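See structure below.
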There are 6 protein chains.
Amino acid sequence: MTKLIEYDDASPDVRDVFDDIRATRQTDYINNFWKAIAVHPPTLRQTWQQVKAVMAGPGELDPLVRELIYVAVSATNGCDYCIASHTAAARAKGMTDGMLGELLAIVGTANMTNRLANGYQIPVDDRFKTS
Amino acid sequence: MTKLIEYDDASPDVRDVFDDIRATRQTDYINNFWKAIAVHPPTLRQTWQQVKAVMAGPGELDPLVRELIYVAVSATNGCDYCIASHTAAARAKGMTDGMLGELLAIVGTANMTNRLANGYQIPVDDRFKTS
Amino acid sequence: MTKLIEYDDASPDVRDVFDDIRATRQTDYINNFWKAIAVHPPTLRQTWQQVKAVMAGPGELDPLVRELIYVAVSATNGCDYCIASHTAAARAKGMTDGMLGELLAIVGTANMTNRLANGYQIPVDDRFKTS
Amino acid sequence: MTKLIEYDDASPDVRDVFDDIRATRQTDYINNFWKAIAVHPPTLRQTWQQVKAVMAGPGELDPLVRELIYVAVSATNGCDYCIASHTAAARAKGMTDGMLGELLAIVGTANMTNRLANGYQIPVDDRFKTS
Amino acid sequence: MTKLIEYDDASPDVRDVFDDIRATRQTDYINNFWKAIAVHPPTLRQTWQQVKAVMAGPGELDPLVRELIYVAVSATNGCDYCIASHTAAARAKGMTDGMLGELLAIVGTANMTNRLANGYQIPVDDRFKTS
Amino acid sequence: MTKLIEYDDASPDVRDVFDDIRATRQTDYINNFWKAIAVHPPTLRQTWQQVKAVMAGPGELDPLVRELIYVAVSATNGCDYCIASHTAAARAKGMTDGMLGELLAIVGTANMTNRLANGYQIPVDDRFKTS
């Protein structure tokens, strides 16, 4: 198994990030993603700051919508870990079975039409060009 | 340029779909995607039915959220046509510059953490396993 | 524009590959792909040997089917150059508009169901496991 | 494990699709993909209609070629479920070990040359531009 | 064209980042990537901090190797902007034509073998499992 | 499990390649990748020649850098087998924990900025256009 850094074995620098994850998420649980990337503390710190800012910071998109977007990207890329963890996070924020069904139907449809647009070599309409 | 089927040159089968696109979207404009895939009428009909159902049908996700998800997938895949057309559609449904900024920040972050999860070969936490 | 090596400016090593491309394809035309990768002769030689073997060598799949597969991969990846050049090659080998329509409909559908399988985290049926 | 809807526990709407899958494929076996997406009946119905049309409907491409294309896309995307299930389907339609070898050699080669075309930023030849 | 924020029109917050880009890279030139993402200042700030840390911060990998890795990812993803900008950056740090040729040959080969490993559904050797 | 061809059961043609793998790598161990693709001897031979040339042949990039590039591509594509085997190969050639951390941080960052460049539809700066 991949090396996972547990809180009790962590350096002060890593513990500091783990503490902020716990405080931000209001849970003692640190999931494997953070324990694994803690083998390289600068990556742990930067990645957490980034994830915290875009997922838990102020903004116009509500927290559930942010998680739906995260699942959409992860399902497109086929990242098993990310699909599992962010589906769980989305459910914790209120995603119903129906919402998941709609989300994945959109993700599937977009992946289909993306390839139709590629394969037919379709030129962008003038009105869609940014100006 | 790719062959585009204009309404006036279209077969009755194709016109029938074009008419439904116009009625559903309440605009006379048919964008290049539909004109291009109209060279294969079964693909035109099936794709439109699919897109209409997931994007304009009843459901729990509101229309703007559906477009944000579409843009997220298209930006992940790098489909230029789809990014341009669905960004325009999202703006028409109320997406602000701030929302686009937040959306792409999440898309970028998810694409980053997807690869960290891959590269570190991180095992899925038991609590994230579906049951 | 990217540097393209023309036949008249090519080294003997590059000309040797260009000559084999011409003889194999029975045309004087060398397309930009080969002229561009000729800046690194070992890549030119290896890539041509590989493409020649899998696309023009003996085998059970007929030449048109091989080109359809090439287009399917290129449309999935969104490689504009490869979509354009291999669609042209497929047409030269007999691909009709109808075949292209069917091909891209399958490519789109597979890209859709690939993401549904990812997103729903579906376990492989025992009977599909290789043994 | 992901929730799978068994036939005996299915709603009439879902059973109706399952019945059509059985009749079309002439087998009682419903594979996990359909049982999993049955949690969202509209996705089940639409996806089956799409897959049935492109894989089992009339057309110029024979059934084995359609499956080879499906495997090519799935191998490119790295979708484990889809690779396993469509490789099994292709074998059932007559794919030999030799054909699989040739197929994957083409898929690998196309994935290689797609990246060479990207990396060298190669312009599309005028003669490959659609007109 | 996409909206680009020029230095003279930028808010103090954006100018602050632009100033750091100029100081870090020792050039007055701000490339379009930064001007474009400046429409969402938090994304500009976070992205620059991330890029600066991983590309210009202390570490064991030398600057040229870091750029080669960036080009490898961008060519794999087919991101035209990133391929062009990071190829230029790599050349500025000493990449020769030969190095680019070797780099893209490795990228192409890895993309090929990735799909062979997928398609043949190859189990990971025990000795490669992390422990 | 996937069919793996062991040395003792291999045809002379396959043994010949296995012998060269052993001699080149100075180890008796043949990993599963080669045993699996040996079911199609032409693919085995071509793929080994390609991998041997780009990874073990003469060139300007040192062997460790070549492996880092291979891992970067594999992590981007999410190929589990390739990530595991090439991470092991990179460690055997001297990759430290710190180097792996830096590598994956760059891979993650490049995957992020690739999508920002896509999503913002950023035009390539004139100075980055190849000429």
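Worth saying up front: this structure is predicted, and the values here are computed from it rather than measured. The chains referred to below are lettered A, B, ... by the order of the sequence lines, with proteins before strands, and numbering in each begins at 1. All heavy atoms count here, side chains included; hydrogens, waters and symmetry mates do not.
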Inset, instruction - Enumerate by number any residue of residues 6-21 of chain C whose heavy atoms lie under 4.5 Å from heavy atoms of chain D; in the absence of such residues, state 'none'. - result: none
Inset, instruction - Write out, in numerical order, the residues from residues 83-91 of chain D with a heavy atom short of 4.5 Å from a heavy atom in chain C. - result: A84(D), S85(D), A88(D)
Inset, instruction - Output yes when a side-chain donor or acceptor of D125(C) lies under 3.5 Å from a complementary backbone atom of N32(D), and no otherwise. - result: yes
Inset, instruction - Measure S74(D) against the heavy atoms of chain C and call it side chain, backbone, both or neither at under 4.5 Å. - result: both
Legend entry - Euclidean distance, Y29(C) OH relative to R127(D) CZ, rounded to 0.5 Å: 5.0 Å
Inset, instruction - Report yes if the side chains of Y81(C) and F128(D) come closer than 4.5 Å at any heavy-atom pair, otherwise no. - result: yes
Inset, instruction - Can you spot which of N111(C), N77(C), N118(C), T76(C) makes a side chain to side chain donor-acceptor pair (under 3.5 Å) with N77(D)? - result: N111(C)
Inset, instruction - Start with the C-alpha gap between V65(C) and L61(D), add the side-chain angles, then the distance that decides, and say whether side chain to side chain contact (heavy atoms under 4.5 Å, CB included) holds. - result: CA-CA 9 Å; V65(C) 169; L61(D) 301 180; over 6 Å; no
Inset, instruction - Between chain C and each of N31(D), T96(D), I122(D), count heavy-atom pairs under 4.5 Å; write down the option with the most. - result: I122(D)
Legend entry - Reported CD-to-CE distance for the pair E60(C) and M95(D), which is rounded to 0.5 angstrom: 10.5 Å
Inset, instruction - Would you please go through residues 35-53 of chain D and name the residues with a non-hydrogen atom below 4.5 Å from one of chain C, in numerical order? - result: A36(D), I37(D), V39(D), H40(D), T43(D), T47(D), Q50(D), V51(D)
Inset, instruction - For residues I69(C) and A72(D), report the shortest heavy-atom separation together with the two atoms involved. - result: CG2-CB, 3.9 Å
Inset, instruction - Report the option among V54(C), V73(C), L68(C) that has the most heavy-atom pairs separated by less than 4.5 Å from atoms of chain D. - result: V73(C)
Legend entry - Part of V124(D) within contact of chain C (heavy atom distance under 4.5 Å): both
Legend entry - Top of L116(C), T113(C), V71(C) for chain D proximity - count of heavy-atom pairs under 4.5 angstrom: T113(C)
Inset, instruction - State the OG1-OH distance between T2(C) and Y120(D), to the nearest 0.5 angstrom. - result: 10.5 Å
Inset, instruction - Starting at SG of C82(D), measure out to CE of M112(C) and round the result to the nearest 0.5 Å. - result: 11.0 Å
Inset, instruction - Tabulate, in ascending numerical order, the residues of residues 102-110 of chain D having at least one heavy atom closer than 4.5 Å to a heavy atom of chain C, or enter 'none'. - result: E102(D), L103(D), A105(D), I106(D), V107(D), T109(D), A110(D)
